[in-house]
Amino acid sequence: MRVTVVVGARPNFMKAAPVLRALDQRPAFHTTLVHTGQHYDENMSAAFLRDLDLRAPDVCFEVGSGSHARQTAEVLTRSEQFLEQNPQDLVVVCGDVNSTLAAALAAVKLKVPVAHVEAGLRSGDRRMPEEINRRVTDSVAALCFVTEPAGVAHLQEEGVEPRRIKFVGNTMIDTLLHSRDRALARPLPEGLPPRFGVVTLHRPSNVDDRGVLAGILGALESVQRSLPLCWPVHPRTRKRLAEFGLEEEALALGLRLLPPAGYLDFLGLVARASLVLTDSGGIQEEALVLRVPVVTLRDSTERPSTIDCGGNVLAGANPASIRTAAASMLARDPGTFQVPELWDGQAGQRIAEAVQAFLQQGAWL
Ligand code: UD1
């Protein structure tokens, strides 16, 4: 059974690694790892492959950056060429980035079944490109692997047949549990005091508008008066800070701006932090399992279990809400945070088992 696993952007790597590993443990599978090249900087891509012990990709498309249409079209075209030249029995895609959508679409049009890892999540906000990517990918996937019960409910509401929906847990948490000890052994950035918070920001809605970004910087400055903050800066955000003339302001406010961190360094940083302020999706989940409170700088989350479990609160981009949310999350006892069902390190194995059963059963269309 020939199975291709597609990765493209930073948050894909940790979701794909346990699936690839579990497939490779089964002699029934011959796997191919495809990297679309949506992310390409050393610290956005290669550093992750190393940290995760992922083998070098078998095929690289090197699509790079571009508008949504260009990037998606490039991955679509390259995926089609690859699948025509290398027929596959199934394609695995992860998460909600442009590469996920494009590879899934190319495969299903060639009548190759698609398995979507992290299916069913919905923020309800169609202004987010990720929301469109998720919905389209789920609508064409033959197998929807879901991380939390809300995902099952969304897929059912959208009319996805029950046999396509598989609640398997969270492969990103498989990777976290597998890597935690190594992450904790990593040194912290020089000069960081023992009690600190971590910031990450990259959503276009937060960083592409000067007024919004400046407001967030002001809120971070006020949080930082009681909790020193360090901030590994995403390349999109670094570009915007420079463009808006805000980089020096951020430094003047005392924020510790760092280059993007590798997987283990970042996990080690979050694991020892007292608070995370982020607009990332995955980090909300990782921090919950590490029992670090999170303030999410968005108005919605596609990961409601992180809120239900006590570890996360939505603050949007409003400076006053961010300040209030930070104070309230710092007052919570992380010992009371719950870990969602099936976030137990075995999701990759469940997926490999389900893929094998699916392919053995034959016709799927
Ligand atoms: C992408 C995903 C987003 C995910 C994020 C994680 C989409 C629509 N967005 O957003 O869901 O949360 O990755 O990081 O797929 N750049 C570099 N080096 C790189 C990659 C990007 O400098 O290795 C810069 C380029 O200027 C590029 C910009 O960052 O134009 C944005 O990159 P892109 O992949 O388009 O979107 P992200 O903001 O990274």
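Note that ligands are numbered from 1 as they come in the structure, with each ligand's atoms numbered from 1 the same way. These numbers come from the heavy atoms of this one structure, side chains and all, not from hydrogens, waters or symmetry mates.
Using cut-offs of 30° and 60° for the angle between ring planes, the His202 and His234 rings count as parallel.
Of the residues listed (Lys239, Arg236, Arg127, Arg203), the one engaging Asp208 in a salt bridge (Lys or Arg N to Asp or Glu O under 4.0 Å) is Arg236, and it is the only one.
A salt bridge between Glu353 and Arg350 is absent, with no side-chain N of the basic residue lying under 4.0 Å from a carboxylate O of the acidic one. Using a cut-off of 4.0 Å between Lys/Arg side-chain N and Asp/Glu carboxylate O, Glu285 and Arg303 are scored as salt-bridged. Under 4.0 Å is where a charged nitrogen must lie from a carboxylate oxygen, and between Glu158 and Arg135 at least one such pair does.
In this structure, atom 22 (O) of ligand 1 lies nearest to the protein heavy atom Pro235 CB, 3.3 Å. When only non-hydrogen protein atoms are considered, atom 3 (C) of ligand 1 lies nearest to Glu130 OE2, 3.2 Å. Scanning the protein heavy atoms around atom 26 (O) of ligand 1, the nearest turns out to be Lys239 NZ, 2.8 Å. In terms of protein heavy-atom proximity, atom 6 (C) of ligand 1 is closest to Pro11 CD, 3.5 Å. At the shortest separation from atom 2 (C) of ligand 1 among protein heavy atoms lies Val97 CG1, 3.7 Å. From the protein, the heavy atom lying nearest to atom 8 (C) of ligand 1 is Asn98 OD1, 3.2 Å. In terms of protein heavy-atom proximity, atom 18 (N) of ligand 1 is nearest to Asp41 OD2, 2.9 Å. Closest to atom 27 (C) of ligand 1, if we only count protein heavy atoms, is Ser65 OG, 3.2 Å.
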Original post:
Step by step, would you call Thr175 with Arg21 a side chain to side chain donor-acceptor pair (under 3.5 Å)?
Top reply: CA-CA 11 Å; Thr175 298; Arg21 204 169 291 130; 5.5 Å; no
**OP:** Under the side chain to side chain donor-acceptor pair (under 3.5 Å) rule, what do Thr32 and Asp58 come out as? Steps first, then yes or no, please.
**Re:** CA-CA 6 Å; Thr32 302; Asp58 304 295; 5.0 Å; no
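Listed by number with element, the atoms of ligand 1 under 4.0 Å from a non-hydrogen atom of Met44 are 23 (O).
Under the 4.0 angstrom criterion for non-hydrogen atoms, His68 is in contact with ligand 1.
On a distance-only criterion, Tyr40 and ligand 1 share at least one N/O pair closer than 3.5 Å.
Side-chain atoms of Glu118 and Thr147 form no donor-acceptor pair, as typed in the model, at a separation below 3.5 Å.
Comparing heavy-atom distances from atom 39 (O) of ligand 1 across Arg134, Arg236, His202, His39 singles out His39 as nearest.
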